[in-house]
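Inspection log for the structure reproduced underneath, given as structure tokens.
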Amino acid sequence: MNGHAHPDSSFASPEHISIGAVVFDRDDDMVGMVSNIVGTVISLERPTGRQWHTFYRRLRPATERENRQLRALAKLQRARTQGMKNRTDGSG
């Protein structure tokens, strides 16, 4: 694959999915990172802490754009978390 996932291509089996992979969940219309695989059920998470489970056939590899979106969300979440720490440390 050249970094551009076809929007309709799903995984042939759960064995084609690896922990840490960035995938798109068609049911939730959301990109997430694979955190666990149990049989045909895939656990996903987002940098915001949202976690959910879905059937592997509902997933497809994320496109490069979706990968960038997830990285941007992670960066935003880190900045928000850092901002909250700064506000509670008494230096404001």
Side-chain angles (χ1 to χ4, degrees):
M1 201 175 280
N2 61 4
H4 301 287
H6 187 275
D8 294 324
S9 61
S10 60
F11 293 97
S13 75
E15 290 78 27
H16 291 104
I17 304 171
S18 59
I19 292 178
V22 178
V23 296
F24 184 83
D25 180 354
R26 288 192 212 61
D27 288 340
D28 281 306
D29 197 30
M30 197 170 352
V31 65
M33 184 176 292
V34 176
S35 61
N36 199 13
I37 302 167
V38 178
T40 59
V41 177
I42 310 300
S43 299
L44 302 172
E45 62 184 38
R46 287 173 59 89
T48 58
R50 184 186 193 286
Q51 299 176 347
W52 72 105
H53 311 285
T54 192
F55 184 57
Y56 82 96
R57 295 292 264 165
R58 301 307 307 149
L59 302 174
R60 64 165 171 76
T63 63
E64 184 54 40
R65 181 178 182 200
E66 291 160 347
N67 271 286
R68 286 192 310 268
Q69 289 172 334
L70 195 66
R71 287 192 302 270
L73 180 59
K75 183 177 179 181
L76 176 61
Q77 187 64 23
R78 282 191 304 275
R80 284 179 175 166
T81 301
Q82 187 61 40
M84 284 188 265
K85 286 179 188 172
N86 289 342
R87 279 186 262 143
T88 60
D89 69 2
S91 63

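Numbers for residues simply follow the sequence, beginning at 1. This is a predicted model, so every value here is computed, not measured.
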### Message
For a salt bridge (charged side-chain N to carboxylate O under 4.0 Å, His left out) check, start with the C-alpha distance between E64 and R71, then their side-chain angles and the critical distance, and finish with the verdict.
### Response
CA-CA 11 Å; E64 184 54 40; R71 287 192 302 270; 3.4 Å; yes
Supply the atom-to-atom distance [X] [atom1] to [Y] [atom2], rounded to the nearest 0.5 angstrom.
| X | Y | atom1 | atom2 | value |
| --- | --- | --- | --- | --- |
| L73 | R50 | CG | CZ | 12.0 Å |
| I37 | S18 | CD1 | OG | 6.5 Å |
| M33 | I19 | CE | CD1 | 11.5 Å |
| R80 | K75 | CZ | NZ | 13.5 Å |
| S43 | W52 | OG | CH2 | 10.5 Å |

### Message
Hydrophobic cluster membership, with links at side-chain heavy-atom distances under 4.5 Å among I/L/V/M/F/W/Y: are M30 and F55 in one?
### Response
yes
### Message
Quick check: is F24 connected to I42 through a chain of hydrophobic side chains (ILVMFWY, heavy atoms under 4.5 Å apart)?
### Response
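Each belongs to a different hydrophobic cluster.
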### Query
How would you list, by chain and number, every residue that makes a side chain to side chain donor-acceptor pair (under 3.5 Å) with D27, sequence neighbours excluded?
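For D27, the residues satisfying side chain to side chain donor-acceptor pair (under 3.5 Å) (neighbours in sequence not counted) are R58.
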### Under 3.5 Å donor-acceptor, R57 side chain and F11 backbone
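Here the side-chain-to-backbone pair exists.
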#### Entry: D29 side chain vs D25 backbone, donor-acceptor pair below 3.5 Å
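Not at all, since once roles are kept as given, no pair shorter than 3.5 Å links the two residues.
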### Task
Go through the structure and list residues passing salt bridge (Lys or Arg N to Asp or Glu O under 4.0 Å) with R78, not counting sequence neighbours.
none
### Message
The test is salt bridge (charged side-chain N to carboxylate O under 4.0 Å, His left out); show your working for R46 and D28 and say whether it passes.
### Response
CA-CA 12 Å; R46 287 173 59 89; D28 281 306; over 6 Å; no
Are the side chains of [Y] and [X] in contact, using a 4.5 Å heavy-atom criterion?
| X | Y | result |
| --- | --- | --- |
| L59 | I17 | yes |
| L44 | V34 | yes |
| Q82 | Q77 | no |

### Query
For the residue pair G32 and L70, what are the closest heavy atoms and their distance?
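Minimum heavy-atom separation between G32 and L70: C-CD2, 4.2 Å.
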